[in-house]
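Written below as structure tokens is the structure these notes are about.
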Amino acid sequence: MVRDHRRVEGISNAVELQICEVRACDRTEATATVRNLRGSVFRSARFRRVSDSPDPIDLELTGIIWYGRAVDEILAGHTALVTLRGAAAPILRSGNLSDGWQSIEGCNA
């Protein structure tokens, strides 16, 4: 497994989500419980990097459920259920103690 913890450089509104649990996934969409590690993340944020792969990705945050309500933002440090759309959806995985947690980095649109 590749562990590359370099940040996305040159992005003033950089955001990062840790994937806790992938609840559903198909070829172009994933629903996952995530923890916001950096910045306020808004619906329509684009993610370009996943922590355990050197290859670029393209995922868009299309939905956020926070405490049972649809919202437009996840504040730093909070956990939410999100929908991510894009061809990279199948590479997302649930985290665990032995393998660690995957994170995705990008920026708000």
Side-chain angles (χ1 to χ4, degrees):
M1 177 184 308
V2 176
R3 296 270 185 203
D4 185 355
H5 298 286
R6 292 174 291 165
R7 301 282 186 199
V8 175
E9 299 297 329
I11 299 175
S12 61
N13 59 349
V15 294
E16 182 176 6
L17 296 177
Q18 180 182 63
I19 308 298
C20 299
E21 178 187 9
V22 176
R23 294 192 176 188
C25 186
D26 63 27
R27 293 181 320 143
T28 61
E29 184 174 279
T31 301
T33 303
V34 300
R35 179 170 174 81
N36 182 2
L37 299 179
R38 178 170 37 142
S40 289
V41 181
F42 294 95
R43 195 167 31 86
S44 78
R46 301 296 293 224
F47 295 90
R48 305 290 185 201
R49 219 171 101 43
V50 65
S51 60
D52 56 2
S53 174
D55 299 326
I57 63 168
D58 185 17
L59 289 171
E60 180 181 3
L61 178 60
T62 59
I64 304 168
I65 304 294
W66 185 65
Y67 288 102
R69 294 184 334 211
V71 296
D72 293 327
E73 175 183 12
I74 310 169
L75 298 174
H78 288 258
T79 300
L81 181 67
V82 300
T83 302
L84 296 155
R85 286 199 179 129
I91 69 168
L92 299 178
R93 63 172 175 77
S94 296
N96 60 56
L97 287 175
S98 62
D99 293 334
W101 282 262
Q102 197 177 47
S103 64
I104 53 176
E105 297 179 5
C107 62
N108 288 310

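Using a 4.5 Å heavy-atom cutoff, the side chains of V82 and I74 are in contact. When side chains are defined from C-beta on, I91 does not count as touching D52, because their heavy atoms never get closer than 4.5 Å. Contact annotation: the side chain of V15 approaches that of F47 to within less than 4.5 Å [non-hydrogen atoms, C-beta and beyond].
Under the 4.5 Å side-chain heavy-atom criterion for ILVMFWY residues, no single connected hydrophobic cluster contains both Y67 and F42.
Between atom CZ of residue R93 and atom SG of residue C25 there is a gap of 13.5 Å, rounded to the nearest 0.5 Å. Within the model, atoms CG of L17 and CD of Q102 stand 11.5 Å from one another, a figure rounded to the nearest 0.5 Å. The distance from the CD1 atom of I19 to the CG atom of L92 is 5.0 Å, given to the nearest 0.5 Å. Residue I64 holds its CD1 atom at 9.5 Å from CG of L84, rounded to the nearest 0.5 Å. Within the model, atoms OG of S94 and CG of D99 stand 10.5 Å from one another, a figure rounded to the nearest 0.5 Å.
Every residue meeting the side chain to side chain contact (heavy atoms under 4.5 Å, CB included) condition with T33, not counting sequence neighbours, appears here in chain and number order: C20, E21, R23, T79, L81.
Checked by atom type and distance alone, the side chain of R35 pairs as donor or acceptor with a backbone atom of G77 at under 3.5 Å. Judged purely by atom type and a 3.5 angstrom limit, T31 has no side-chain atom pairing as donor or acceptor with the backbone of T83. A donor-acceptor pair is defined here as one N or O able to donate and one able to accept, closer than 3.5 Å; such a pair exists between the side chain of N36 and the backbone of L75.
The minimum heavy-atom distance between A109 and S44, with the atom names listed, is CB-O, 3.2 Å. For I57 against R49, the heavy-atom pair with the smallest separation is CG1-N, 3.4 Å. Taking all atoms of both residues into account, the shortest heavy-atom contact from N108 to A45 is OD1-CB, 3.6 Å.
Applying the salt bridge (Lys or Arg N to Asp or Glu O under 4.0 Å) rule to pairs touching residues 54-67 yields R46-D58, R46-E60, R48-D58, sequence neighbours excluded. Sorted by first and then second residue, the salt bridge (Lys or Arg N to Asp or Glu O under 4.0 Å) pairs involving residues 66-77 (not counting sequence neighbours) are R43-D72.
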